[in-house]
Amino acid sequence: MKELVEVIAKSLVDNPDEVYVSEKEDDKAVVVELKVAPSDMGKVIGKQGRIAKAIRAVVKAAASKVDKKVIVDIVDAE
C-alpha cells in the first residue's frame with residue numbers, strides 16, 4: 001500500500017522529492033501516513049477533499065485482497 005500511495009502522490013505534486021510515506025501495521029488495520037511539502041498540500045487534498053477521497057478509494061480497493069482495513073492519513077509536514 002505504501003508504494004501505491006507514494007506513486008499517486010508523486011504524480012500529483014510539484015515537489016516529488018518532498019513526498020514521504022510511512023506505514024504502520026496493527027492487528028486489524030494498516031495506517032499509511034502521507035507527508036508532502038506545505039505548498040503541495042492543496043494538490044493532494046483537492047477541492048472539498050475530492051482528491052484525498054479518490055486516493056483513499058483506490059487504496060481501499062487495492063486492500064480488499066489483504067483483508068485488512070487501510071487508513072490513509074495526510075499529515076502536515078511540520
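Owing to the predicted nature of the structure, the values given are computational and were not obtained by experimental measurement.
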(request) Indicate yes or no: at least one non-hydrogen side-chain atom of Glu33 is less than 4.5 angstrom from one of Lys24. (result) yes
(request) Apply side chain to side chain contact (heavy atoms under 4.5 Å, CB included) to the pair Val21 and Val32, showing each step before the final yes or no. (result) CA-CA 7 Å; Val21 180; Val32 180; 3.6 Å; yes
(request) Would you please name every residue forming a salt bridge (Lys or Arg N to Asp or Glu O under 4.0 Å) with Asp14, sequence neighbours left out? (result) Lys43
(request) Report yes or no: do Leu12 and Val58 belong to one cluster of Ile/Leu/Val/Met/Phe/Trp/Tyr joined by side chain heavy-atom distances under 4.5 Å? (result) yes
(request) For Ala37 and Glu18, work out which heavy atoms get closest and say how close. (result) CB-OE1, 3.2 Å
(message) So, using side-chain contact (heavy atoms from CB on, under 4.5 Å) as the criterion, who are the partners of Ala57 when residues are at least two apart?
(response) none
(message) Lys2: which residues meet the side-chain hydrogen bond (donor to acceptor under 3.5 Å, both in side chains) condition with it, sequence neighbours left out?
(response) none
(request) Treating Ile, Leu, Val, Met, Phe, Trp and Tyr as nodes and any side-chain heavy-atom pair under 4.5 angstrom as an edge, say whether Leu4 and Ile71 lie in one connected cluster. (result) no
(message) Quick check: do Val44 and Ile51 have side-chain heavy atoms less than 4.5 Å from each other?
(response) no
(request) Hey, could you give me the CD1/CD1 distance between Ile8 and Ile55, rounded to the nearest 0.5 Å? (result) 6.0 Å
(request) Measure across Ala61 and Ser64 and return the closest heavy-atom pair with its distance rounded to 0.1 Å. (result) O-OG, 2.8 Å
(message) Measuring only between side-chain heavy atoms, which start at C-beta, is Val75 closer than 4.5 Å to Leu34?
(response) no
(message) Working note: Met41 + Ile74, criterion side chain to side chain contact (heavy atoms under 4.5 Å, CB included); need CA distance, chi angles, decisive distance, verdict.
(response) CA-CA 9 Å; Met41 193 64 90; Ile74 301 171; 3.7 Å; yes
(message) Enumerate the salt bridge (charged side-chain N to carboxylate O under 4.0 Å, His left out) contacts for residues 49-60, please, sequence neighbours excluded, ordered by first and then second residue.
(response) none
(request) Answer with yes or no whether the hydrophobic clustering places Val31 together with Val70; edges join I, L, V, M, F, W, Y residues whose side-chain heavy atoms lie under 4.5 Å apart. (result) no
(request) Return the set of residues passing side-chain contact (heavy atoms from CB on, under 4.5 Å) with Ala54 (not counting sequence neighbours), or none when no residue passes. (result) none
(request) With sequence neighbours left out, write down each residue that passes side-chain contact (heavy atoms from CB on, under 4.5 Å) with Lys68, or none if nothing qualifies. (result) Glu25, Val30, Val66
(message) With side chain to side chain contact (heavy atoms under 4.5 Å, CB included) as the criterion, how do Asp17 and Val19 come out once you've worked through the C-alpha distance, each side chain's angles and the decisive distance to 0.1 Å?
(response) CA-CA 6 Å; Asp17 297 336; Val19 172; over 6 Å; no
